[in-house]
Amino acid sequence: MTADAGSGDRFALGARRGLQACASTRGTFTILALDHRQNLRRELLPDDPAAVTYDDMVGFKRAVVRALSPVATGTLLDPETGAGQSIADGSLPAGAGLIVAIEATGYEGPATARISRVLDGWSVEKAKRLGASAAKLLVYYHPDAANAADQERLVAGVAAACRAVDLALFVEPLSFSLVEGEKLTGEARRAVVVETARRLTAIGGDILKAEFPYDASVSDPDRWRDACAELDAASSLPWVLLSGGVADATFESQVATACAAGASGVAVGRSVWAEAATMDPAARDSFLATTGRERLTRIAELVETVAKPWSDRPSRLASAPAPGDGWFREY
């Protein structure tokens with residue numbers, strides 16, 4: 001028997017292996033998110049973010065990775081102050097799943113038509129060479145923004161680059177208001193988050209890293225359930241919930257609702273480690289080893305109990321054919 005005809009990427013062995021490395025044995029995700037750049041500067045020195053040094057950023061990230069990555073199923077880091085540095089000094093365990101950000105921090109253009117871009121000097125190919133299990137692209141997106149088509153082309157281009165090197169891609173859309181100076185809230189936010197999932201998951205990527213459909217002003221559990229069910233129906237990819245820096249107790253409730261609706265897990269950052277950012281090193285390490293670990297452990301246990309394994313949702317990776325005799329010639 002010989003390998004079937006067709007392009008080698010249809011086996012998606014590298015992408016599947018990458019997601020397996022970032023997931024639990026059951027196939028759920030509890031990802032430690034620490035790819036923050038400007039947001040972390042504001043956490044470390046709220047009164048003077050510009051005074052935060054490169055060494056401050058690297059030191060904090062290494063401390064969090066050392067303390068919390070053993071509890072997580074995978075760790076999300078940036079190339080500037082996280083991924084290479086945590087590999088080089090051994091802070092990131094050798095067997096840990098590693099997701100590496102591709103985008104530059106922040107955005108260009110007006111707040112009502114935000115332009116995302118790949119980090120200058122970085123690429124999907126370099127992330128693969130580094131040893132990343134998967135890549136992550138954050139993209140500012142509103143379906144009705146003037147530059148929505150350009151942002152869609154960015155997603156398509158990065159997704160194609162990932163497929164070319166057989167690397168899984170997490171796509172993280174962040175919503176915004178089309179009214180200058182306003183935040184997207186309530187039902188308007190829900191509509192944008194759901195429609196964004198519908199549009200972007202049809203374009204490319206392998207896992208959607210989604211915002212909770214409502215902002216913190218909405219606490220009605222029935223509206224939460226309905227919104228998460230709508231988000232689940234809109235996404236053509238497995239999805240995980242991002243924490244967005246909400247309080248840990250609030251996030252745990254959101255996680256329970258999202259996973260019951262069909263999410264495959266979470267990517268959690270500040271909701272677990274935020275308080276440690278302003279502590280001295282000894283207090284920071286103690287906090288991370290106790291409170292931080294306890295928070296992440298509770299979330300991991302909840303996810304493992306309730307979340308839907310990523311491979312249970314139909315997708316190009318879940319349905320990729322098994323390699324047959326001679327597959328490597330085609331690959």
Side-chain angles (χ1 to χ4, degrees), residues 15-35 64-65 68-77 95-101 132-138 168-174 193 197 200-201 205-213 224-225 227-229 231-246 248-273 292-315 317-318:
R16 283 193 280 174
R17 179 74 180 104
L19 290 189
Q20 290 165 356
C22 296
S24 70
T25 303
R26 184 170 161 267
T28 65
F29 300 100
T30 301
I31 296 164
L32 172 64
L34 197 55
D35 60 326
V64 175
V65 169
L68 300 183
S69 63
V71 181
T73 63
T75 299
L76 168 60
L77 293 167
L98 172 62
I99 305 165
V100 180
S133 307
K136 186 272 298 184
L137 176 68
L138 184 153
L169 175 63
F170 287 71
V171 176
E172 178 184 3
L174 291 187
V193 169
L200 294 191
T201 61
D206 300 294
I207 304 290
L208 172 67
K209 188 168 176 268
E211 297 177 284
F212 195 71
W224 280 21
R225 283 191 291 271
C228 286
L231 172 57
D232 184 71
S235 178
S236 61
L237 297 175
W239 60 285
V240 298
L241 180 69
L242 62 84
S243 63
V246 300
D248 62 293
T250 300
F251 185 59
E252 286 186 35
S253 297
Q254 291 179 347
V255 171
T257 303
C259 289
S264 294
V266 301
V268 56
R270 286 170 289 173
S271 297
V272 167
W273 52 254
R293 273 184 173 248
E294 290 162 6
R295 288 177 181 173
L296 189 56
T297 298
R298 286 197 304 271
I299 291 169
E301 290 173 349
L302 176 60
V303 165
E304 189 65 1
T305 302
V306 183
K308 181 177 184 175
W310 69 267
S311 57
D312 284 0
R313 182 184 291 268
S315 68
L317 299 188

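Side-chain contact check for Cys22 versus Ile99: some heavy-atom pair is nearer than 4.5 Å. Proximity of Pro238 to Phe29: side-chain heavy atoms (C-beta onward) are nowhere separated by under 4.5 Å. Between Arg293 and Pro70 the shortest side-chain heavy-atom distance falls below 4.5 Å. Side-chain contact between Leu208 and Ser236: absent, with no pair of heavy atoms (C-beta onward) separated by less than 4.5 Å.
Formation of a donor-acceptor pair under 3.5 Å by the Ser133 side chain with backbone atoms of Leu98 is found in this model. Listed for the Thr257 side chain is a donor-acceptor partner under 3.5 Å among the backbone atoms of Ser253. Put simply, the side chain of Thr28 never gets that close to the backbone of Ser24: no donor and acceptor are under 3.5 Å apart. At distances below 3.5 Å, at least one donor-acceptor pair connects side-chain atoms of Arg313 with backbone N or O atoms of Ser235. Judged by distance alone, the side chain of Ser243 and the main-chain N or O of Val268 form no donor-acceptor pair under 3.5 Å.
Remark: Arg298 engages Asp248 in a salt bridge, criterion side-chain N to carboxylate O under 4.0 Å.
A distance of 10.0 Å separates CG in Leu34 from OG in Ser69, rounded to the nearest 0.5 Å. For the atom pair CG (Leu32) and CG (Leu296), the distance works out to 6.5 Å, reported to the nearest 0.5 Å. Atoms CD1 and CD1, from Ile31 and Ile207 in turn, are 8.0 Å apart once rounded to the nearest 0.5 Å. Here the CG-CG distance, from Leu19 to Leu317, works out to 5.5 Å after rounding to the nearest 0.5 Å. With rounding to the nearest 0.5 Å, the separation of OG1 in Thr73 from CZ in Arg26 is 12.0 Å.
When each of Leu138, Val171, Leu76 is tested with Lys209 by the rule side-chain contact (heavy atoms from CB on, under 4.5 Å), just one qualifies, namely Leu76.
Across Gln254 and Val246, no two heavy atoms sit closer than the pair OE1-CG2, 3.9 Å. Between Gly292 and Leu68, the shortest heavy-atom contact is C-CD2, 3.7 Å. Trp273 and Val64 make their closest contact through CD1-CG1, 4.0 Å (heavy atoms, listed as atom of the first residue, atom of the second, distance). Here the closest non-hydrogen pair linking Asp35 and Lys136 is OD2-NZ, 2.7 Å. Across every non-hydrogen atom of Cys228 and Trp239, the tightest pair is O-CZ2, 4.1 Å. What you find for Val65 and Thr75 is that their closest heavy atoms are CG2-CG2, 4.4 Å.
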So Phe251 and Ile299, side-chain contact (heavy atoms from CB on, under 4.5 Å) or not? Walk me through it. CA-CA 9 Å; Phe251 185 59; Ile299 291 169; 3.8 Å; yes
Check step by step if side-chain contact (heavy atoms from CB on, under 4.5 Å) holds for Val240 and Trp310. CA-CA 9 Å; Val240 298; Trp310 69 267; over 6 Å; no
What verdict does the side-chain contact (heavy atoms from CB on, under 4.5 Å) test give for Phe170 and Leu237, after you've listed the backbone C-alpha separation in whole Å, the side-chain angles of each residue and the deciding distance to 0.1 Å? CA-CA 10 Å; Phe170 287 71; Leu237 297 175; over 6 Å; no
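No more than 12 heavy atoms of other residues, nucleotides or ligands shown are found within 6.0 angstrom of CZ on Arg17.
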